Every structure is written in C-alpha cells, then in structure tokens.
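To find a chain, count down the sequence lines: A is the first, B the second, and so on, and within it residues start at 1. Note that the structure is a prediction, hence the values are computed from the model and not measured.
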Number of protein chains: 2
Amino acid sequence: MGKTPVMADVAKEAGVSHQTVSRVLNGHPNVRGETRTRVMAAIDKLGYRRNLTARALATRRSRTLGVVSFDTTLYGPASTVYGISQAARQAGYFVSIVSLKSIDRQHVRDAMAYLGDQGVDGIVVVAPQRAAAGVLADLPRGVPVVAVQGGGADGVPLVRVDHFEGGLAATRHLLELGHQTVWHVRGPTGWIEAEAREEGWRAALSAAGRRIPEPLQGDWSPAAGYRAGRILAEEGASAVFVSNDQMALGLLRAFTELGVDVPGRVSIVGFDDIPESEYFSPPLTTIRQDFAAVGRGSIEQLLRRIEGVETLPPLVVPPVLVVRGSTSGR
Amino acid sequence: MGKTPVMADVAKEAGVSHQTVSRVLNGHPNVRGETRTRVMAAIDKLGYRRNLTARALATRRSRTLGVVSFDTTLYGPASTVYGISQAARQAGYFVSIVSLKSIDRQHVRDAMAYLGDQGVDGIVVVAPQRAAAGVLADLPRGVPVVAVQGGGADGVPLVRVDHFEGGLAATRHLLELGHQTVWHVRGPTGWIEAEAREEGWRAALSAAGRRIPEPLQGDWSPAAGYRAGRILAEEGASAVFVSNDQMALGLLRAFTELGVDVPGRVSIVGFDDIPESEYFSPPLTTIRQDFAAVGRGSIEQLLRRIEGVETLPPLVVPPVLVVRGSTSGR
DNA sequence: CGAGGTATTGTTAGCGCTAACACATGGCGA
DNA sequence: TCGCCATGTGTTAGCGCTAACAATACCTCG
C-alpha cells in the first residue's frame with residue numbers, strides 16, 4: 001500500500017527480523033555481510049526512512065539540541081546561532097531554535113521549558129544580558145546547558161569572546177596612534193559584553209595614566225550612535241571606541257553631517273566587524289569576533305556535558321583588531 | 001524517586017486512570033470538574049510535564065514545523081526566518097530551522113529529508129534561488145510545503161514580497177525626479193528576487209520610453225557594489241537602482257572615494273531597508289520589505305495546507321518606497 | 001569428541017502517550 | 001417498571017523503535 005514503510009516492512013522484505021534491520025541501521029558489528037546487503041537492498045527498494053520520533057522515545061535521546069537566543073536579526077546573535085547550528089549538524093545533532101524578542105527571566109524560562117518538553121538533549125543559551133544569566137541558576141530538570149556570550153552561573157559552562165581584551169586592544173590602538181585620551185560609547189546596561197568592553201577601555205586608559213572621560217550611553221542602534229556623535233563633536237573628542245559597528249555608523253553619519261573629518265579630526269574604532277564595516281566611509285577599524293569558533297566551542301562543551309563531564313573551564317575566544325581607514329595618528 | 005514523573009504517576013497520585021489524565025491535558029469535555037481539579041493538583045504537585053515525543057509517536061503529529069533557509073546571517077533571510085518562527089510560535093507550533101550555506105538541489109533535498117525524518121508536520125522553504133525552486137517539484141513523502149521569497153512549483157503555495165513592484169517603484173521614483181534614465185546593479189543570477197527587481201526596473205523604463213542601459217552584475221555584497229560604483233562613475237550615471245542595500249553601500253563608498261556627490265551628481269535607490277540604511281551618508285532611499293508579514297503569511301498558508309486545503313493562491317506582500325537623502329532631482 | 005566460547009539472529013518487553021472501545025452510572029420518557 | 005441514551009471513567013492496543021535476553025549455529029581447544 002501507499003503508506004510509508006516501517007522497520008517491520010523492511011524486515012519482511014529482507015526476510016529477517018526487525019531487530020536485524022535495526023542492527024544494520026545502527027552499525028552494530030555482529031551482522032553478517034550478506035545479511036547487511038540484503039537489508040540495505042530492502043531499505044532502498046522500499047524507500048524506508050527510520051522514524052526518529054520512535055527512536056527518541058525508545059532511546060530517551062533525541063539527538064536534538066536546543067538554542068535560545070535573543071533577537072536573531074542582529075548580526076552578532078545571528079552569526080552565533082549560525083555557528084552553533086553548523087557545529088551541531090557536524091556533530092550529528094538536530095537543532096531547535098527559539099528566538100526571543102526580549103530576554104527577561106520569564107521568557108528565557110519559558111523557552112527552556114518549551115525545549116525541555118520537546119526532549120532536547122541539551123541547550124545552548126545565547127544570553128548576553130545579565131538578566132538572562134540569572135535564569136541559568138534555576139536549570140530545567142537535568143538538561144545540560146551551556147551559556148554563550150554571557151554571564152555564567154554555577155556549574156554552567158561558558159563560551160564567550162574576550163570582550164575585555166577587545167576593548168583593551170581597541171583603546172590601545174588609539175593611544176598608540178598618539179591620542180591623548182579615548183572616549184567611549186557603550187552598549188546598553190545589563191549587557192555583559194557591553195560592560196566587559198567598557199572595562200577593557202577603562203583598563204587601557206588607566207594603564208596609560210590617561211584621563212577617563214564619562215562614557216556615553218548607547219543601545220546598539222545607529223540612532224544612538226548618531227546622538228553620541230553629535231555630543232562628541234561638540235566635546236571635540238579626537239578618538240572614540242564605540243561598542244559596536246552599528247553605533248559607529250551612527251557616529252560616522254553625525255560627523256559627516258557636521259563636517260568633522262574621520263579620521264582627520266576624529267578616529268573611531270568599532271566592534272563586531274559586520275560585513276558592511278569595510279565599506280563605510282571611511283572603512284571602519286574594528287574588533288572582529290570569531291562567531292564560528294564560538295559556535296564550535298559551545299557545541300563541544302555541550303556535548304562534553306551531555307557525556308557527563310562535570311566541570312569545564314570557560315572557553316574564551318580571542319578577538320582580533322582589524323585596522324582600516326577610520327583611525328589615524330594625531 | 002528522583003526521575004521525572006510520567007502520566008501513570010500522576011494518575012496514581014490523583015487516583016484515576018492515566019487516560020483520564022490524558023483527557024484533562026487535552027481538554028476533553030467529558031471529565032467531571034472535581035476530577036479535573038484533582039488531576040491538575042496532582043500534576044502540579046509532581047511537577048509533571050507531558051512527554052511530547054511519546055505524544056508525537058502516538059498521534060503521528062509533532063506540532064513542529066521545519067524551516068529551510070539560506071544563509072541566515074544575511075538580514076533578509078534572518079528577518080524572514082524570525083518572522084516565520086514568531087508566527088509559528090503564536091500558532092502553537094515548534095520550529096526547527098536548518099540554515100544552509102549554499103542552496104543547491106542536493107542540500108535542500110537533504111535538509112528536507114532531515115526535517116522529514118524528524119517528523120515535522122510541514123516545511124517552510126525560504127528559497128530565493130531558482131535552483132531551490134526546482135527541488136520543490138520532488139516533494140518529500142506527504143509533508144506539506146510552502147515556498148517563501150522564491151519560485152513556486154506545482155501545488156506548492158508561495159508567499160513573497162512583490163519584488164517586481166519594488167523595482168518598478170524605485171525606478172519610477174527616480175524618473176519622476178527628472179532623471180533621463182536609470183542604471184541598475186542587479187543581484188546574482190539565479191536569484192528570483194533579483195530577476196523580479198530587474199524586470200520591474202525594465203518595465204518602468206520601457207513604460208516611460210527611456211533607454212535601458214546594460215545592468216551591472218552584482219552578488220549582494222558591498223564589494224560588488226563598490227566595483228559597480230567605480231564603473232558607473234565613469235559612465236556618468238545620474239541615477240541608479242541597486243538591488244539591495246549592502247551593494248548600495250558599496251556604491252556610496254566608491255562615489256565618496258571618487259568625489260562624486262550623492263545625491264548631487266548621482267541618485268541611488270536600494271532595496272531591503274536594513275537597519276543601517278537610515279544612517280548611511282547620505283541616508284539611503286530604499287524599498288522596504290515587510291518580513292513579519294511574510295512570516296505570518298507563510299505560516300498561515302502552511303497551516304491551511306496541513307489542515308488539508310488543496311490549492312492556495314500565492315500571497316504577495318507589497319513593498320514600500322522609503323524616501324531618504326540619497327535621491328534628488330536633476 | 002565434548003565443554004565452552006563466539007558470532008549471528010530472533011523474541012519479548014517496554015519507551016509514554018493517545019485512540020478506540022468497553023463498562024459503569026444515572027436520568028428520562030414510554 | 002424497563003430500556004435507552006448521555007456522561008464519565010477504565011481497559012486494551014497500538015504508534016515504531018531499541019534494549020535485553022534467548023536461541024541458534026558454528027568454532028576452537030584440550
């Protein structure tokens with residue numbers, strides 16, 4: 001008949017028991033070569049595909065990993081999630097993604113419950129906000145979790161880019177070019193990476209014994225960068241480290257509008273290296289994050305965790321300074 | 001004991017049969033109110049959560065939808081997928097996403113098999129390339145499919161933005177500003193939306209009886225736009241319709257470098273309205289796509305399809321012209 | 001030549017849920 | 001009073017797979 005064949009059908013076709021079919025499918029060693037080929041032929045002939053739902057029920061393993069992320073239309077999260085899913089696929093896992101509009105405790109918890117119900121073997125939480133990190137404390141029943149780009153919690157392995165180091169490198173670069181001090185446009189409060197970048201900036205200035213100007217508050221958007229740019233133009237800033245590339249674009253726009261030459265009068269360093277940055281006017285000097293490495297690392301940590309390894313040191317991915325045309329010496 | 005409770009545990013706790021628990025959970029009408037509360041209390045007390053894998057096996061419905069998409073780090077696909085998953089969640093479905101690096105027949109087919117094995121109830125294919133559309137012809141066994149932003153196939157419902165109309169509107173806008181003709185930087189061959197935008201551009205020029213210049217070939221990247229920009233500067237183009245905003249950024253960069261004023265000497269219209277466009281220098285006039293509407297529409301069509309509705313007319317979402325600073329009159 | 005392996009296959013019993021039917025009640029009209 | 005039906009609940013069989021054990025056959029070695 002026309003319905004999809006099941007294992008029993010294959011078994012009958014090949015003249016063996018369904019269990020032998022299962023053995024062939026699972027690469028069990030103790031199957032005679034001749035039997036194996038016969039089963040394979042039957043599978044081919046019937047166009048059989050194994051029912052993974054039934055398999056998951058029987059094995060209590062779904063071979064599916066869950067990913068919880070915040071706003072996947074942003075370049076950073078999107079790239080991270082992409083890196084994660086590529087790595088998961090490579091490792092033979094399916095991926096189920098929940099993309100949240102806002103990260104508050106309740107939403108993250110719901111998302112994890114949602115994934116837990118679905119029977120995922122583990123969860124990667126892309127939780128760059130402090131609020132989300134808190135949720136990790138009350139883990140769902142027995143599902144291993146890895147936190148990415150965020151704050152860890154007790155017993156939750158962490159994978160992240162070294163944002164502190166990035167802030168440090170960006171600021172040092174500007175100081176080495178001869179700027180007296182470096183201003184900073186930071187990301188929204190509550191974002192761990194924003195805070196770490198700011199700390200790196202402060203550390204670099206402190207180490208060089210320079211004045212630390214009051215940082216300007218941003219929210220990642222170009223609009224916020226634009227506003228900050230207008231203020232900085234008035235302040236007569238000569239060097240600015242901006243916490244992401246989109247805001248840096250806003251600064252560029254503001255400076256262009258006001259006739260302030262970049263990098264002639266002001267040097268700017270961004271963060272992320274979005275694909276557009278290279279074609280800003282001028283091309284943006286920025287800090288590149290290796291999202292693929294973060295993805296691979298998080299899956300690796302998660303799989304280790306699933307296999308029962310207890311504590312894992314946080315995996316920290318180094319960022320890279322990419323020098324382009326938006327920075328120059330005094 | 002410490003293991004997760006199953007339905008039978010709840011039943012015992014509430015002093016009913018497991019089937020009654022099932023009835024309560026599924027909102028079956030014929031359950032006495034008092035029984036219902038007793039069961040609910042037991043569920044609460046034990047912290048019971050229903051095993052969706054078992055449910056899926058028994059019902060042969062997973063309440064999960066699959067999404068196949070191309071490069072979700074691009075703004076367009078990312079936004080589309082986001083819209084789709086929001087809409088799916090709203091409708092009470094889980095979403096499983098496969099993000100492909102390249103769309104060729106084989107990859108798309110693999111992805112669909114992968115999702116099919118996982119037992120999804122339906123699949124949304126974000127397939128903007130002609131090659132992908134071909135695959136839809138050989139559907140997987142009985143799983144409903146909806147195509148998004150791409151080319152349809154027989155019997156596959158389609159949801160897309162009206163790219164032709166977008167190209168038309170962009171070109172008309174430039175003609176109305178008094179430009180003699182409009183050049184075009186198109187997207188990569190094989191992309192249906194690129195072709196539709198180009199057709200819209202051609203149609204507008206034809207209708208106005210203007211010369212149709214040879215379109216320049218792009219690949220969506222700012223780098224391609226930059227190359228096109230250098231050529232167009234040489235050609236002395238006064239108006240350009242670029243098939244996406246990233247390439248338009250490349251053009252802006254090229255013109256800035258060459259000292260060609262935008263919009264003084266050249267007017268530019270992009271496509272997509274990425275978040276950055278508003279802060280380009282000058283802010284980019286572009287065609288906005290409503291990705292959320294596409295997402296909602298595709299889920300709606302897919303659910304209809306799952307419920308057995310046979311043929312559905314393609315859903316076409318109108319684009320919107322957003323006028324900013326990159327266009328002006330002659 | 002028989003005890004004790006070792007490959008190879010089959011049989012049985014679940015995984016946790018829902019569907020379908022069976023079985024009690026109790027109310028109502030004839 | 002009896003039969004009939006609606007209402008509520010329990011019982012039984014799966015869904016399609018794997019795990020665990022059982023049952024063969026075939027060796028090997030002393």
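Near DNA chain C, meaning a heavy atom under 4.0 Å away, the residues from residues 28-36 of chain A are Asn30(A), Val31(A), Arg32(A), Thr35(A).
Here Arg60(A) pairs with nothing under the salt bridge (Lys or Arg N to Asp or Glu O under 4.0 Å) rule; sequence neighbours left out. Not counting sequence neighbours, the partners of Ala292(A) by the side chain to side chain contact (heavy atoms under 4.5 Å, CB included) test are Asp290(A), Arg296(A). For Arg23(A), the side chain to side chain contact (heavy atoms under 4.5 Å, CB included) partners at least two apart in sequence or on another chain are Gln19(A), Thr20(A), His28(A), Val31(A). With sequence neighbours excluded, the residues satisfying side chain to side chain contact (heavy atoms under 4.5 Å, CB included) with Thr72(B) are Tyr82(A), Ser69(B), Val81(B), Ser99(B). By the salt bridge (Lys or Arg N to Asp or Glu O under 4.0 Å) test, Arg32(A) is found to be paired with Glu34(A), residues two or more places apart in sequence or in another chain being considered. Applying the salt bridge (Lys or Arg N to Asp or Glu O under 4.0 Å) criterion to Lys12(B), with sequence neighbours excluded, gives no partner residue. Residues satisfying the side chain to side chain contact (heavy atoms under 4.5 Å, CB included) criterion with Leu52(A), sequence neighbours excluded, are Arg50(A), Arg55(A), Phe94(A), Asp117(B).
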Please set out all donor-acceptor pairs under 3.5 angstrom arising from side-chain atoms of residues 121-128 of chain A, sequence neighbours excluded.
| residue | atom | partner | partner atom | Å |
| --- | --- | --- | --- | --- |
| Asp121(A) | OD1 | Ser62(A) | N | 3.0 |
| Asp121(A) | OD1 | Ser62(A) | OG | 3.3 |
| Asp121(A) | OD2 | Arg61(A) | NH1 | 3.2 |
| Asp121(A) | OD2 | Ser62(A) | N | 3.4 |
| Asp121(A) | OD2 | Arg63(A) | N | 2.8 |

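Direction of the helix axis in the helix from dC1(C)-dG30(D) to dA30(C)-dT1(D) shifts by 50° between the two five-pair termini, rounded to 10°.
Between the CG atom of Asp9(B) and the C1' atom of dC15(C) there is a distance of 14 Å, given to the nearest Å.
The list of salt bridge (charged side-chain N to carboxylate O under 4.0 Å, His left out) pairs with a residue in residues 122-132 of chain A, not counting sequence neighbours, reads Arg130(A)-Glu195(A).
When every heavy atom of Glu193(B) is checked against every heavy atom of Gln149(B), the shortest pair comes out as OE1-O, 3.7 Å.
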Base, backbone or nothing for each nucleotide of nucleotides 16-28 of chain D, written B, S, -, heavy atoms under 4.0 angstrom, 5' to 3'? BBBBB--------
